[in-house]
Structures are given as structure tokens and as C-alpha cells.
Asks: 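Mind having a look at this structure? Questions to follow.
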Amino acid sequence: MYEYYYFDTRTADHLGEYKVMRLDYFNGEPEVYADSFAEFLEKLIDQRTPRNR
């Protein structure tokens with residue numbers, strides 16, 4: 001997994017939140033990963049938490 005996360009500080013929403021961007025080193029295209037830091041943490045934890053099957 002080769003990816004880089006960063007805040008898009010060019011714009012902020014009405015609460016002062018910045019979007020969290022994700023850059024995949026393989027395709028080189030940035031994409032919006034989350035609309036806030038809280039959403040970023042939730043998504044990251046969800047994706048990386050092992051599930052009992």
C-alpha cells in the first residue's frame with residue numbers, strides 16, 4: 001500500500017474543515033478521501049480493522 005494523505009488547505013468548509021486528499025503513488029492521481037479529519041479517521045480505522053468472520 002503506497003499512498004499519501006494530506007489536507008487540501010486551498011479551501012475550507014463553513015466549519016473550517018479541510019478535505020483530506022489521498023495520493024496513490026501507482027496512478028499519481030489525487031482524490032478526495034474524506035470531507036473532514038474525523039471522517040478520515042473513521043474510514044481509516046474501518047479499512048484497517050480486522051473483521052471476525
Side-chain angles (χ1 to χ4, degrees):
M1 186 179 315
Y2 298 99
E3 51 200 13
Y4 177 70
Y5 298 96
Y6 60 95
F7 290 110
D8 182 358
T9 58
R10 297 173 294 171
T11 59
D13 68 11
H14 66 285
L15 297 173
E17 288 276 357
Y18 298 113
K19 294 186 183 303
V20 177
M21 305 298 290
R22 177 183 168 271
L23 177 65
D24 185 329
Y25 288 130
F26 291 117
N27 69 17
E29 292 294 319
E31 65 181 7
V32 175
Y33 182 78
D35 290 326
S36 67
F37 186 63
E39 183 182 334
F40 164 75
L41 292 176
E42 290 172 8
K43 289 177 78 169
L44 205 59
I45 290 168
D46 254 3
Q47 288 178 350
R48 298 182 184 198
T49 300
R51 302 281 189 241
N52 292 334
R53 297 187 192 250

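Heavy atoms only: backbone and side chains are in, while hydrogens, waters and symmetry mates are out. As the structure is a computational prediction, the values presented were derived from the model and not from experiment.
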Asks: List the atom of Asp13, the atom of Leu15, and the distance in Å for their closest heavy-atom pair.
Replies: OD1-N, 2.9 Å

Asks: Excluding sequence neighbours, so at least two apart, what forms salt bridge (Lys or Arg N to Asp or Glu O under 4.0 Å) with Asp46?
Replies: Arg51

Asks: What's the verdict on side chain to side chain contact (heavy atoms under 4.5 Å, CB included) for Tyr6 and Val20, showing C-alpha distance, side-chain angles and the deciding distance?
Replies: CA-CA 6 Å; Tyr6 60 95; Val20 177; over 6 Å; no

Asks: Do the side chains of Leu23 and Glu3 get nearer than 4.5 Å, heavy atoms only?
Replies: no

Asks: Do you reckon Phe40 sits in the same ILVMFWY cluster as Ile45, going by side-chain contacts under 4.5 Å, direct or chained?
Replies: no

Asks: Could you grab the distance from atom NZ of Lys19 to atom CD of Glu39, nearest 0.5 Å is fine?
Replies: 8.5 Å

Asks: Taking side chain to side chain contact (heavy atoms under 4.5 Å, CB included) as the definition, give me every residue that meets it alongside Asn27, ordered by chain and number, with sequence neighbours left out.
Replies: Asp24, Glu29

Asks: Holding to ring-ring contact (aromatic ring centres under 6.0 Å, His included), I want the full list of residues that pass it with Tyr18, two or more places apart in sequence or in another chain.
Replies: none

Asks: Establish, from distance only, whether the side-chain atoms of Tyr33 and Glu31 form a donor-acceptor pair under 3.5 Å.
Replies: no

Asks: For Glu42, check side chain to side chain contact (heavy atoms under 4.5 Å, CB included) against everything at least two apart and list the hits.
Replies: none

Asks: Flag yes if more than 12 heavy atoms outside Phe37 fall under 6.0 Å of its CZ atom; otherwise flag no.
Replies: no

Asks: For Tyr25, enumerate each residue passing the ring-ring contact (aromatic ring centres under 6.0 Å, His included) test, keeping only those at least two apart in sequence or located in another chain.
Replies: none

Asks: At what distance, to the nearest 0.5 angstrom, does CE of Met21 lie from CZ of Arg10?
Replies: 6.5 Å

